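Inspection log for the structure reproduced underneath, given as structure tokens.
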Amino acid sequence: MSESQVRITDVIVDCRDPERLAAFWSAVLGSRVKVRIGPYVFLDGGAGPGMGFQRSDTPGTGKNRVHLDLRAVDPRAEQRRIEELGGRRLPEYAEGGFLVMADPEGNVFCILPEQAFDVDDAGRADYLGGA
């Protein structure tokens with residue numbers, strides 16, 4: 001395999017209110033707004049990809065085809081903190097054992113534990129202890 005000359009620099013999220021969503025994700029990730037350009041607001045990604053928020057009047061429909069996985073020492077504590085920031089848990093995914101949440105505009109993401117966890121043959125986890 002040859003060495004690639006490309007890399008992921010930013011994950012772009014279409015949204016109605018880029019400023020509001022950038023503020024939410026900035027607080028979740030402890031990141032800062034790097035730049036505002038036209039209908040875009042970008043967060044600093046540090047050593048990894050950044051996030052960009054692009055104004056779009058087209059409503060999202062259905063489940064994201066791509067989502068973010070966040071790692072946390074205490075997923076339940078992060079859930080509570082993110083809910084205080086305006087995110088919400090999506091109970092329709094609870095049966096799978098993952099902590100699946102949505103940001104204020106409904107974009108889906110997961111909060112996973114830092115430590116390794118098992119997933120069964122059906123793709124279900126139980127790092128939340130069956131809750």
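Please read these numbers as outputs of a predicted model, since none were measured by experiment.
- In this structure, the side chain to side chain donor-acceptor pair (under 3.5 Å) partners of Gln79, at least two apart in sequence or on a different chain, are Arg76, Glu83.
- A side-chain donor-acceptor contact under 3.5 Å links Tyr127 to the backbone of Leu99.
- Interatomic distance, CZ of Phe117 versus CG of Leu128, reported as 9.5 Å (0.5 Å rounding).
- Residues that satisfy the salt bridge (charged side-chain N to carboxylate O under 4.0 Å, His left out) test with Arg81, not counting sequence neighbours, are Glu78.
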Next item on the list: Decide yes or no on side-chain contact (heavy atoms from CB on, under 4.5 Å) for Trp25 and Val11, but give the supporting numbers first.
Entry: CA-CA 12 Å; Trp25 281 102; Val11 175; over 6 Å; no
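- Contact between Phe24 and Gly86 at its shortest, heavy atoms only, is CE1-C, 4.0 Å.
- Checked by atom type and distance alone, the side chain of Ser26 pairs as donor or acceptor with a backbone atom of Ser31 at under 3.5 Å.
- Each salt bridge (Lys or Arg N to Asp or Glu O under 4.0 Å) pair with one or both residues in residues 14-43, not counting sequence neighbours, appears once here: Glu19-Arg36, Arg32-Asp44.
- Residues passing the side chain to side chain donor-acceptor pair (under 3.5 Å) test with Arg124, sequence neighbours excluded: Asp120.
- When the side chains of ILVMFWY residues are joined at heavy-atom separations under 4.5 Å, either directly or via intervening members, Val35 and Tyr40 end up in a single hydrophobic cluster.
- No more than 12 heavy atoms of other residues, nucleotides or ligands lie within 6.0 Å of CD in Glu95, so this atom counts as exposed by the packing criterion.
- Side-chain contact check for Phe98 versus Val119: some heavy-atom pair is nearer than 4.5 Å.
- Of the inter-residue distances, the one linking Leu29 atom CG with Met51 atom CE reads 6.5 Å to the nearest 0.5 angstrom.
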Contacts table for residues 106-113: side-chain donor-acceptor under 3.5 angstrom, sequence neighbours left out:
{"from": "Asn107", "atom 1": "ND2", "to": "Asp103", "atom 2": "OD1", "distance (Å)": "3.3"}
{"from": "Asn107", "atom 1": "ND2", "to": "Asp103", "atom 2": "OD2", "distance (Å)": "3.0"}

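- Val13 is connected to Leu85 through a chain of hydrophobic side-chain contacts under 4.5 Å among Ile, Leu, Val, Met, Phe, Trp and Tyr, so both are in one cluster.
- Ile37 and Ile12 fall within a single hydrophobic cluster, where Ile, Leu, Val, Met, Phe, Trp and Tyr are joined by side-chain heavy atoms under 4.5 Å apart, directly or via other members.
- The two residues Ala94 and Arg89 make their nearest non-hydrogen contact at CB-NH2, 4.0 Å.
- Residue pairs meeting the salt bridge (Lys or Arg N to Asp or Glu O under 4.0 Å) criterion with at least one partner in residues 50-59, sequence neighbours excluded, are absent.
- Looking at every heavy atom in both residues, Leu21 comes nearest to Cys15 through CD2-CB, 3.6 Å.
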